[in-house]
Amino acid sequence: MKKLSRPRLALASIAVALAVVMPLVTQAGVGTIGSSGATAKEQAIRLGSACRRVWIVGDSLTIGSAAKIRSQLTAIDVENIVDGVNGRRVSATAPGLLSGVIAARTIRATNGEADCWVVALGTNDLSNGVTTSAKSKAAISEMMAEIPTPARVWWVNVDFHAVEGSTVDYPAATQTFNTALAQRDASDARFTVIDWYALAEGHREWFVDAVHVTNAGHSARASLIVDSLRRSSGR
């Protein structure tokens, strides 16, 4: 068999690579690699199908935004469950409804699988000792293990301001947890961060304490979540 010269061999390799990548790009509706540096394959996984069923697991901030989230998702014909509980955190060892892992497990057992999940947890994890990078990553992995592939996951990051007299440096813990989320986003094609921190920090007038927000804040949070799902799923 005649060997290809190096220039021809390189062109042949590029042609093969394009033949593999292009179907993924076409299916996903993505023509170029995104600004985040995601490959075409990663974008195809993220954008390849619409979110027709969305299950949301969160804490008290989710309770405040729940009605608006349900209304907005229903308006675009998305079946949804919005499950928020005061004080909820990730850990499976948390009692009863306070465990995000158990909540996700229960929702799946009762309602079946979703195309897309939103996890809005982390604030109460900071209050329960999740203040290091290792613990943050472990909490995120624990929750992700409860959500089977190929379901995609959006995780709302946290914004916890300083609490006078507390032994916990909440602003530092916030940065640590959010960094762990960002690192997961960069390494896991089915994972996307919803940047509540950036939005909320631009509206400090929303906060009624270190964590909780006004009705205006809840409304903005609901729209942020729904818009993130809609943009990423082509709806």
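The structure presented is a predicted model; accordingly, all values stated were derived computationally and were not measured. For the single chain, residues carry numbers from 1 onward in sequence order.
Separation of atoms OG (S136) and CG (L181) is listed at 8.0 Å; rounding is to 0.5 Å. From T106, atom OG1 reaches atom CG of L97 across 8.0 Å, with rounding to the nearest 0.5 Å. Taking CD1 from I225 and NZ from K68, the interatomic distance works out to 12.5 Å, rounded to the nearest 0.5 Å. D77 CG to L73 CG: the interatomic distance, rounded to the nearest 0.5 Å, is 10.5 Å. Taken to the nearest 0.5 Å, the SG atom of C116 stands 11.0 Å off from the CZ atom of R190. The distance from atom CZ of R89 to atom OG1 of T123, rounded to the nearest 0.5 Å, is 13.0 Å.
Scanning for salt bridge (Lys or Arg N to Asp or Glu O under 4.0 Å) contacts around R88 gives D83, with sequence neighbours left out. Remark: T131 pairs with no residue by the side-chain hydrogen bond (donor to acceptor under 3.5 Å, both in side chains) rule, at least two apart or across chains. For Y197, the ring-ring contact (aromatic ring centres under 6.0 Å, His included) test picks out no residue, with sequence neighbours left out. Qualifying side-chain hydrogen bond (donor to acceptor under 3.5 Å, both in side chains) partners for K137, counting only residues two or more places apart in sequence or in other chains: Q183. With sequence neighbours left out, S60 forms a side-chain hydrogen bond (donor to acceptor under 3.5 Å, both in side chains) with H212.
A donor-acceptor pair is defined here as one N or O able to donate and one able to accept, closer than 3.5 Å; such a pair exists between the side chain of N178 and the backbone of V158. Under the 3.5 Å distance criterion, the side-chain polar atoms of N157 are matched with a main-chain donor or acceptor of W196. The closest donor-acceptor contact from the side chain of D188 to the backbone of R184 lies at 3.5 Å or more, if one exists at all. In this structure a side-chain-to-backbone donor-acceptor pair under 3.5 Å is present from D125 to V90.
Between E79 and R52 no salt bridge is recorded (no basic side-chain N to carboxylate O distance below 4.0 Å).
Summarising the geometry of I147 relative to A151, their closest heavy-atom pair is CG2-CB, 4.1 Å, with the distance given to 0.1 Å. S65 approaches A222 most closely through the heavy-atom pair O-CB, 3.9 Å. C51 approaches V78 most closely through the heavy-atom pair O-CG2, 3.3 Å. Among all heavy-atom pairs drawn from S127 and F160, the shortest one is OG-CE1, 3.6 Å. Across all their heavy atoms, L121 and G100 have their closest contact at CD1-CA, 3.8 Å. In terms of heavy atoms, F207 sits closest to H203 at CD1-O, 4.0 Å.
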Name every donor-acceptor pair, under 3.5 Å, that has one atom in a side chain of residues 165-172 and the other anywhere in the protein, sequence neighbours excluded.
unit_1: S166; atom_1: OG; unit_2: V168; atom_2: N; d: 3.0
unit_1: D169; atom_1: OD1; unit_2: A172; atom_2: N; d: 3.2

*So T192 and D185, side-chain contact (heavy atoms from CB on, under 4.5 Å) or not? Walk me through it.*
CA-CA 5 Å; T192 303; D185 189 330; 4.2 Å; yes
*Test I194 against L224 for side-chain contact (heavy atoms from CB on, under 4.5 Å), laying out the working first.*
CA-CA 8 Å; I194 295 177; L224 175 68; 3.6 Å; yes
*Could you go step by step and tell me if L199 and W206 meet the side-chain contact (heavy atoms from CB on, under 4.5 Å) rule?*
CA-CA 11 Å; L199 177 62; W206 289 344; 4.0 Å; yes
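Side-chain contact between I56 and N80: absent, with no pair of heavy atoms (C-beta onward) separated by less than 4.5 Å. Two residues are said to be in side-chain contact when any heavy atoms from C-beta on lie closer than 4.5 Å; L61 and H218 meet this criterion.
Note on V85: it does not cluster hydrophobically with I102, by side-chain heavy-atom contacts below 4.5 Å among ILVMFWY residues. Residues I81 and V119 share a hydrophobic cluster, clusters being chains of Ile/Leu/Val/Met/Phe/Trp/Tyr side chains in contact below 4.5 Å. Hydrophobic cluster membership differs between I63 and W55, with clusters built from Ile, Leu, Val, Met, Phe, Trp and Tyr side chains linked at under 4.5 angstrom.
Checking each of R53, R108, M143 against W117 for a side-chain contact (heavy atoms from CB on, under 4.5 Å) leaves exactly one that passes, namely R108.
Under 3.5 Å, the side chains of T62 and R221 contain no donor-acceptor pair of N or O atoms.
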